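Atoms considered below: every heavy atom in the structure, side chains included; atoms not considered: hydrogens, waters and symmetry mates. In what follows, chains are A, B, ... by sequence order, proteins preceding strands, each numbered from 1. Just so we're clear, the structure is a prediction, and the values are computed from it rather than from any experiment.
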Amino acid sequence: MEADDAVDNSRPKKRRRVEKGDANEAIVIESSTESEPESLSSPRSNLIGTTRPNPPAINLSLTPELPPAPEYDDFTGDSIKVLTLEWYLDSVKAGVLLPTKNYVVFEGRITGKPNPLIQSPRKILRRENLISQAKGDTPPRGQPLYKHGPRWAISKSPAQPPRLMHQTSSEHDRAVALPPLPPSLCSIYSCQRSTPAQSPNADFIAQLYIIKHARKLDRDDRGISALAYSKAIASIQAYPYTLTSPEEVARLPNCAERYAEIFQEWKETGRVQEVQQIETDERMKSLTEFYEIYDVAEKTARQFYARGWRDLDDVISQGWDTLTPNQQIGVKFYDDFKEKIPRDEVERIAAIVLRYANQVREGFHMVIVGGYRKGKTMCGDVDVILSHPDEDATDHVVEQIVWNLAEDQWITHRLTVSTANSERGQQTINWRGGMSKTRGRGFCTLDKALVVWQDAELAKNPDPGRRNPRRRVDIILSPWKTAGCAVLGWSGGTMFERDLRKYCRNVKGVKFDSTGVRRLSDGTWLDLEKGANDLLEKEKKVFEGLGLEWRDPEERCTG
DNA sequence: GGGCCGTACTG
DNA sequence: CAGTAC
DNA sequence: GCCC
């Protein structure tokens with residue numbers, strides 16, 4: 001019946017061996033949005049989900065009137081002090097840097113900046129990162145926020161000889177004031193701050209990312225430990241200055257002792273022991289390889305390992321029949337799915353989806369969300385949101401669209417199709433009953449289809465010279481009334497989205513998800529999008545309605 | 001010391 | 001229900 | 001691992 005569910009169950013012959021060097025490519029921090037979308041973002045139809053106009057939103061009104069941040073040369077200059085952790089902990093407690101006198105373990109001069117990239121072994125970071133490193137620690141968006149200039153500006157000046165060795169504490173205390181915390185970082189909610197893809201601390205973040213990944217794979221703590229790392233990373237990612245000291249780390253939200261510790265180690269030695277262990281851990285390598293199979297996550301990865309399997313070939317040769325249908329697809333297109341998708345291809349694919357949607361019914365609006373909208377030059381998959389101003393036009397259309405696309409060979413497999421929404425069609429929009437149902441068709445969830453895509457034309461006229469890599473495409477159908485919520489819900493990094501929900505719950509007393517905003521108390525649906533007549537405008541209205549300052553999608557890169 | 005986003009699908 | 005994905 |  002289904003044209004597209006014929007998952008070819010034949011086990012792949014001998015899998016093309018993956019470039020081993022790529023094994024860790026997930027670690028790469030996207031480092032190129034600045035060269036960027038100007039050319040792509042021109043309002044070319046309703047295709048492109050990027051809008052330019054908004055100036056970087058930085059709330060200066062909150063800028064505290066802090067004393068000038070003067071000479072912390074001692075900590076940015078060319079001398080290195082190794083201090084005990086006690087010094088740090090005591091300083092945190094005191095709220096100010098204590099004199100180091102009684103805590104110094106070692107002091108010495110360095111002749112060159114430690115370059116962790118060079119020292120840390122191979123392959124983790126790609127060339128772009130080396131380049132961005134070479135470009136220097138420039139904060140992502142020009143203008144210093146503070147007239148005294150951020151630390152990175154000052155640290156360039158010729159370092160004075162460290163003169164804090166034998167100083168009195170009062171002199172010293174003044175000397176180590178940190179640059180003011182950017183106002184946006186005062187919020188514990190990442191949806192309230194700007195988190196660009198670029199970070200002056202990308203190298204440090206890369207270290208944390210490796211630990212996070214390892215925690216996720218080898219601990220059975222429901223991902224709690226990894227979650228902690230994700231939050232810390234999200235905070236640091238939003239910090240526009242080069243971090244220079246443990247306490248500068250520790251004052252960031254979600255970054256406490258542990259992260260100050262890691263930072264100190266990294267800063268002093270140019271590496272982090274735990275990271276090095278992880279990198280040489282064979283078990284981690286296997287787990288990572290398994291984890292990169294679509295529909296295999298940490299539990300299954302560990303399970304595979306426990307069965308004695310060590311790489312993908314073991315999975316294929318020893319466990320093919322035990323795999324779920326989706327895992328089989330994941331294995332089959334292992335290399336394809338790991339491959340990133342360039343923006344122009346994302347656009348081409350999206351345009352085809354839109355065309356088919358409009359074939360089913362004229363007048364669909366679309367916005368490309370996901371990594372594309374966050375400005376990534378290479379995307380992991382294609383996510384599009386479709387909506388139609390006519391109330392009930394979105395009913396059951398996913399199936400229709402997917403069917404047609406499959407018939408024409410654009411779609412080769414369907415991973416999941418969720419029709420919960422169309423199924424229960426008339427349900428009221430309030431999840432706690434009562435109240436008006438806003439007449440007629442209400443939606444509790446979105447219809448969506450996760451499918452495997454190919455270039456149908458190329459498939460029909462194969463060209464031996466051209467590959468036809470399969471792509472994962474997520475097609476989401478949203479009812480018009482709440483399409484702004486859908487766009488917002490699909491255009492941010494994971495932490496951005498989690499914090500958005502948390503913020504809504506704790507601060508605004510509402511429940512946000514991609515199907516709408518509802519009052520927590522009685523479940524009544526709140527229409528925040530009234531009056532907007534395109535998807536991006538609707539998204540803006542949701543920001544306003546939630547009392548949030550606008551953030552460009554490129555500033556929602558919380559990972 | 002307890003909680004950490006929330007929901008739908010699949011097996 | 002557990003596991004996965006978004 | 002951090003935060004309330």
Side-chain angles (χ1 to χ4, degrees), chain A residues 5 7 92 187-191 208 211-212 215-216 219-236 249-262 274 290-304 322-330 337 369-371 380-385 398 414-424 431 443-451 472-476 478 485-486 488-506 510-518 520 558:
Chain A
D5 63 358
V7 174
V92 168
S187 172
I188 59 166
Y189 300 110
S190 61
C191 55
L208 296 181
I211 301 178
K212 168 190 131 171
R215 287 282 201 281
K216 168 157 243 159
R219 283 203 191 182
D220 199 7
D221 61 357
R222 283 172 36 227
I224 298 302
S225 177
L227 174 63
Y229 279 84
S230 297
K231 290 175 175 177
I233 288 171
S235 294
I236 299 172
V249 173
R251 68 181 178 159
L252 301 177
N254 303 304
C255 299
E257 284 117 282
R258 180 67 186 124
Y259 299 97
E261 237 174 66
I262 298 172
E274 186 176 354
F290 299 150
Y291 185 73
E292 285 171 334
I293 302 170
Y294 180 87
D295 205 31
V296 171
E298 63 268 25
K299 309 280 175 143
T300 310
R302 284 195 286 264
Q303 194 185 317
F304 285 1
T322 72
L323 300 180
T324 70
N326 278 359
Q327 286 167 349
Q328 291 184 344
I329 296 174
F337 288 174
V369 290
D381 62 2
V382 180
D383 304 282
V384 301
I385 291 182
V398 218
R414 73 165 72 185
L415 294 166
T416 64
V417 176
S418 126
T419 53
N421 152 27
S422 295
E423 293 301 296
R424 50 180 169 235
W431 95 91
F443 293 84
C444 287
T445 88
L446 306 179
D447 279 354
K448 77 171 193 168
L450 225 133
V451 301
R472 283 182 305 118
V473 177
D474 208 347
I475 302 169
I476 299 147
S478 170
C485 291
L488 174 53
W490 254 281
S491 300
T494 309
M495 283 306 139
F496 181 95
E497 299 296 340
R498 290 173 92 143
D499 281 346
L500 179 57
R501 293 160 202 263
K502 198 197 295 200
Y503 163 86
C504 287
R505 227 181 329 107
N506 299 341
V510 299
K511 177 167 115 60
F512 171 89
D513 64 50
S514 51
T515 69
V517 177
R518 295 158 181 87
L520 223 42
T558 56

Considering only heavy atoms from C-beta outward, does the side chain of K448(A) approach that of V398(A) to under 4.5 Å? no
Give the nucleotide from the list dT4(C), dC6(C), dC9(B) with an atom nearest to the side chain of T300(A). dT4(C)
NA contact type, F512(A), heavy-atom cut-off 4.0 Å: base, sugar-phosphate, or nothing? nothing
What is the distance, rounded to the nearest whole Å, between atom OH of Y503(A) and atom C1' of dC4(D)? 19 Å
Mind checking R505(A) for me? I need base, sugar-phosphate or nothing, with any heavy atom below 4.0 Å counting as a touch. sugar-phosphate
Please report, rounded to the nearest Å, how far the C1' atom of dA8(B) is from the CG atom of L415(A). 14 Å
Is the distance from OP1 or OP2 of dG3(C) to the nearest side-chain N or O of K299(A) less than 4.0 Å? yes
N or O in side chain of R258(A) less than 4.0 angstrom from dG1(D) OP1/OP2: yes
Among the nucleotides dG1(D), dA8(B), dC6(C), which one has an atom lying closest to any side-chain atom of S418(A)? dA8(B)
Could you give the side-chain donor-acceptor pairs of residues 297-304 of chain A under 3.5 Å, partners two or more places apart or in another chain?
unit_1	atom_1	unit_2	atom_2	d
K299(A)	NZ	D220(A)	OD1	3.2
R302(A)	NH1	L217(A)	O	2.5
R302(A)	NH1	R219(A)	O	3.1
R302(A)	NH2	D220(A)	OD1	3.4

From the set dT7(B), dA5(C), dC5(B), return the single nucleotide nearest to any side-chain atom of L227(A). dC5(B)
I want to check something: taking the side chain as every heavy atom from C-beta on, are W490(A) and L446(A) in contact at a cut-off of under 4.5 Å? yes
Closer than 4.0 Å, any side-chain N/O of R215(A) to the OP1 or OP2 of dG1(D)? yes
What is the distance, to the nearest angstrom, from the CG atom on L323(A) to the P atom on dG11(B)? 12 Å
Determine the contact category for R472(A): base if any of its heavy atoms lies under 4.0 Å from a base atom, sugar-phosphate if only primed atoms, P, OP1 or OP2 are that close, otherwise nothing. sugar-phosphate
Nearest-angstrom distance from the residue atom CG of D474(A) to C1' of dC9(B): 13 Å
Could you state the interatomic distance from CZ (R498(A)) to OG (S190(A)), rounded to the nearest 0.5 Å? 10.0 Å
Among the candidates dG1(D), dC6(C), dG11(B), find the nucleotide nearest to the side-chain atoms of R219(A). dG1(D)
Gap between atom OH of Y294(A) and atom CG of D381(A) - 0.5 Å precision: 9.5 Å
I want to confirm an ordering. Mapping T324(A) and I224(A) to their closest nucleotides on DNA chain B, which one lands closer to the 5' end? I224(A)
Expressed as a whole number of angstroms, how long is the span from K231(A):NZ to dG1(D):P? 13 Å
Give one of base, sugar-phosphate or nothing for I476(A), where a contact means two heavy atoms less than 4.0 Å apart. nothing
Checking contacts here: which listed nucleotide (dG11(B), dC5(B), dC4(D)) is nearest the side-chain heavy atoms of I188(A)? dC4(D)
I want to verify a distance call: between dC5(B), dT7(B), dC6(C), whose nearest atom is closest to the D383(A) side chain? dC6(C)
Between Q327(A) (CD) and dA5(C) (P), how many Å, whole number? 9 Å
Sticking with atom P, work out how far dC6(C) lies from dG3(B), rounded to a whole angstrom. 28 Å
Of the candidates dC6(C), dA5(C), dG1(D), the side chain of A297(A) sits closest to dA5(C)
Counting side-chain heavy atoms from CB outward, which of dC2(D), dT4(C), dC5(B) is closest to A256(A)? dC2(D)
Once you round it to whole Å, what is the distance between P of dG1(D) and CD of E261(A)? 9 Å
Phosphate oxygens OP1/OP2 of dG1(D): is one of them under 4.0 Å from a side-chain N or O of K216(A)? no
Would you please confirm or rule out a distance under 4.0 Å between OP1 or OP2 of dA5(C) and any side-chain N or O of Y294(A)? no
Could you work out the separation of dC5(B) and dC4(D) based on their P atoms and round it to a whole Å? 14 Å
From NZ of K502(A) across to P of dC4(D) the rounded distance in Å is 9 Å
CD1 (I188(A)) and CG (D499(A)) are apart, to the nearest 0.5 Å, by 7.5 Å
Among the nucleotides dT4(C), dC6(C), dG1(D), whichever has the atom closest to the side chain of K448(A) is dC6(C)
Find which nucleotide of DNA chain B each of R222(A) and T416(A) is nearest to by heavy atoms, and output the residue with the more 5' nucleotide. R222(A)
What nucleotide among dG1(D), dC5(B), dT4(C) has an atom nearest to a side-chain atom of D295(A)? dT4(C)
Between the side chains of N326(A) and T324(A), does any donor sit under 3.5 Å from an acceptor? no
Would you mind classifying the nucleic acid contact of N326(A) as base, sugar-phosphate or nothing, using non-hydrogen atoms under 4.0 angstrom? nothing
